[in-house]
Q: 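Please read through the structure below; I'll follow up with questions.
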Amino acid sequence: MDPGYFLLILSLLSSAYATYAFYSGVKSRRKHLLARAESTVYIYTALLTLAYILLTYYFLARDFGLLYVYSYSDRHLSTLYTISAVWAGREGSLLLWALYLAVINSAILRFEKKDAVTAFSLSISSFVVLFFNILLLTLSNPFKRLEFTPPDGIGLNPLLRTPEMALHPPTIFLGYAATTIPFALVISAVYFKEGWLKRARFWILFSWLFLSIGIFLGAWWAYKTLGWGGYWAWDPVENASLLPWLTVSALIHGIMVEERRKGLGAWNYFLAIISFGLVILATFITRSGIISSVHAFGENPEGWMYLLLIVLSTAVGLVLYNSRKELFRDSLDLSFNRETTIFANIMLLLLSTFTILLGTLAPLLGEDVQITRQYYDRIEIPLGTALVILLGICAAINWRSDRDTFLKSSRVAVAGGVIAFIAVFATTKLIVASLGAAIFAFSLLTHIQNLKISDTRNPRKFGGYITHIGIIILFLGVMGSWIYEESYKNVALELNQPKNVGGYTLLYRDNQMVDEHDKLVVTAVVEVYRGDELVGVCKPHLKVYKLNRQDRVVSSVEILSKPTHDIYIAASGFSEDLKKVFIELYVVPLISFVWVGSVVMMAGGTYAVFSKMSITGINIAGEDREGREIGIDVSKDGKTSGRKSRKKKGKKK
Amino acid sequence: MNEKQRLMLGIAVIGFVILVLASFMGNLTPYKSVSEVVAAGKMENVQVNGTIVPGSTVYYSENNTRIFELTDGKAKMKVVFTGALTNYQEGIPAVVRGSYKNGAFYAEEVLLKCPSKYQTIEEEGE
């Protein structure tokens, strides 16, 4: 048995014990049991860390006797990509998932108030660690050894050898793991009839932030690497990560309403549960294969395990809801105020979730069917547009219903929208683009109008507004790049013979062949002219990796970025004498808005998460909604040390 | 929520569901199997899924055209495709979109599985 497997067995035992000891310790109020449960959390965190380090060591030591190392690396792979290869496959990324959650559990233990709610929620999240541990020991064992040691590995898929793809899994999986905490907290807090918003808020924002970064990196990678001129294809794997992002976004807004108005309690409860379920679904889809038909479950026994966890968490949620109904008496005031617009936003996010889920699971409906992109475009574009309009209205509206102030404060924004419409229509004669520009201008203006310098001291408002502005910029970019992209496929360029394509003149000037350490790179030097003016020189190239696998040839994209559009060229092949190069040309308008918008959005999110609300900040800021404390303190020492560390952190600010 | 608000919300939801279902049904396209296509002899604008037959690929660099065979385990058909095909590999599942005529499938589009999943397939195949 590999020592790594042994470490996993030990962490299985300790996570199982922690699950039991926290639960039973809270039930029976046995302090010694809880104390032991606490140390077990640290123990399984340490064990999983060791297992992870060991796996990384096997990669760096080029131990191809380990099936996982053999499958995802080779001798030529650089050190950094070798480290990233640890999470390139299913087994390693599940180990990372479990490790992340273990570390988060330890952090909660270190910083959170040690009461019954925390203890019970740690029992739940330790159970999730246990779940992944079972998978790691059975169906996704990263420490499986071959009977012999091959001289070299199959190699990391060449497409994954980019910094974006190296960083995409660890960010998105951190987002996934963090979503467990709101789920565990909501179950635990409702069970004890306690408030949970203040404890969960940090983790909700945290998971949202890392989901956002992960999705952004994936989209950026797709654009720069895959060579089809786009960044979002409504592929099941992409959808899988977007679904929890949508519900977590809804949850962020739901808890705002609940904190202020005590409304939406049941919505938030279920949003936290659904987000967790969708994260588990996403882990299944991204790591165990596309759900191409019902058979995906049959072929992959892991599918049943994931399904079981989803069913179990939903069932627990429903049963608990039924027995605690009196906690959820909502008073939602749906007059003309901010609460209503936020509620409408949540509804739009949920409708998107529902429709994307429907499309993603469509193959389950029958033998070999697939949903086309038009379905998503027809549903999600109107929903997204409505969402951006609502964002604009929302910024201009007060928590108290006040129609007159709204009309007054939105006057400038409406005028701005009309001007944008006229200006864009006069220059482009495109109706949809003009409407998009009008919506963009309106929503952006209401946000800017309502944002004051002093708001930087209010991280929730400031972070939120910056995030919204990012989404509004992103909206414009998506509209431009989806609706108005031009593509020219199979363009053959002969050496030194200019060719007119899509308003540009392309001239294949030269070629180079360079032997790099791990690959051969064949480059075409293509000059791009607009009329007689040289716009730029593009060097699309083919990379032929020195690997014993057929997908070793990768066509690389070259992009000439202008503020208003990208000229995007992908080489697809050369003739044998290199006198002819085959390319695909895409002209992508407003794509820079997509990236700028995403970055602004993530900056806003980062500000909201890390400026004031550190984990400790939450504790200082708020006791529970009811102000009660059940207070099963594990030991006096545990409690005081916890308080001390909270105070320390508090002073730093 | 009062009666009127509930009613309006209800109508909106029903309207939306109808819209969704309409475009869902409208855009649900079935895959054809290789056997079906070959048996029909001629088919226009269809999507076919299957597995690329190992050792069947011929690449013509003069016109950037690739000819390979696609199989569903029962029948095989020749697929002709001109254009970029990153991450091409034999033995993996692929979806081809185009028309079948004169004994060959002329593909306008070839979709291959996402790169992170190749290994899984290989393992399952072992």
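The structure displayed is predicted, hence computed values, not measured ones. Order of the sequence lines sets the chain letters (A, B, ...), proteins ahead of strands, with each chain counted from 1.
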Q: Kindly indicate whether the side chain of B:N64, heavy atoms from C-beta on, has any atom under 4.5 Å from the side chain of A:K580.
A: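 Counting from C-beta outward, B:N64 and A:K580 never come under 4.5 Å.
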
Q: Side chain from CB out, backbone as N, CA, C, O: work out which of these in A:I371 comes under 4.5 Å of a heavy atom of chain B, or both, or neither.
A: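 Both backbone and side chain.
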
Q: Any residues in residues 570-578 of chain A near chain B, with a heavy-atom distance under 4.5 Å, and which are they?
A: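 The stretch touches chain B at A:S572, A:G573, A:F574, A:S575, A:E576.
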
Q: At a heavy-atom separation under 4.5 Å, does B:Y59 approach chain A through its side chain, its backbone, both, or neither?
A: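 Side chain only.
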
Q: Heavy atoms under 4.5 Å from chain A: which residues of residues 74-81 of chain B carry them?
A: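 The stretch does not come within 4.5 Å of chain A.
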
Q: Considering only heavy atoms and a distance below 4.5 Å, find which of A:Q374, A:R373, A:K579 pairs most often with chain B.
A: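 Highest number of heavy-atom pairs under 4.5 Å: A:Q374.
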
Q: What residues, two or more places apart in sequence or in another chain, satisfy side chain to side chain contact (heavy atoms under 4.5 Å, CB included) together with A:F354?
A: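 Side chain to side chain contact (heavy atoms under 4.5 Å, CB included) list for A:F354, sorted by chain: empty.
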
Q: Measuring heavy-atom distances to chain B, does A:S555 have an atom under 4.5 Å in its side chain, in its backbone, in both, or in neither?
A: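 Answer is both: backbone and side chain atoms of A:S555 are under 4.5 Å from chain B.
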
Q: Are there residues of residues 15-26 of chain B whose heavy atoms fall under 4.5 Å of chain A's heavy atoms? If so, which?
A: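 Within residues 15-26 of chain B, the residues under 4.5 Å from chain A are B:F16, B:L19, B:V20, B:S23, B:F24.
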
Q: Between chain B and each of A:L358, A:I583, A:V491, count heavy-atom pairs under 4.5 Å; write down the option with the most.
A: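 Between A:L358, A:I583, A:V491, the count favours A:L358.
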
Q: Taking atom CG of B:N27 and atom OH of A:Y376, what is their separation to the nearest 0.5 Å?
A: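 These two atoms lie 10.5 Å from each other.
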
Q: State the CH2-CG distance between A:W228 and B:L111, to the nearest 0.5 angstrom.
A: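 Rounded to the nearest 0.5 Å, the CH2-CG separation comes out at 10.5 Å.
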
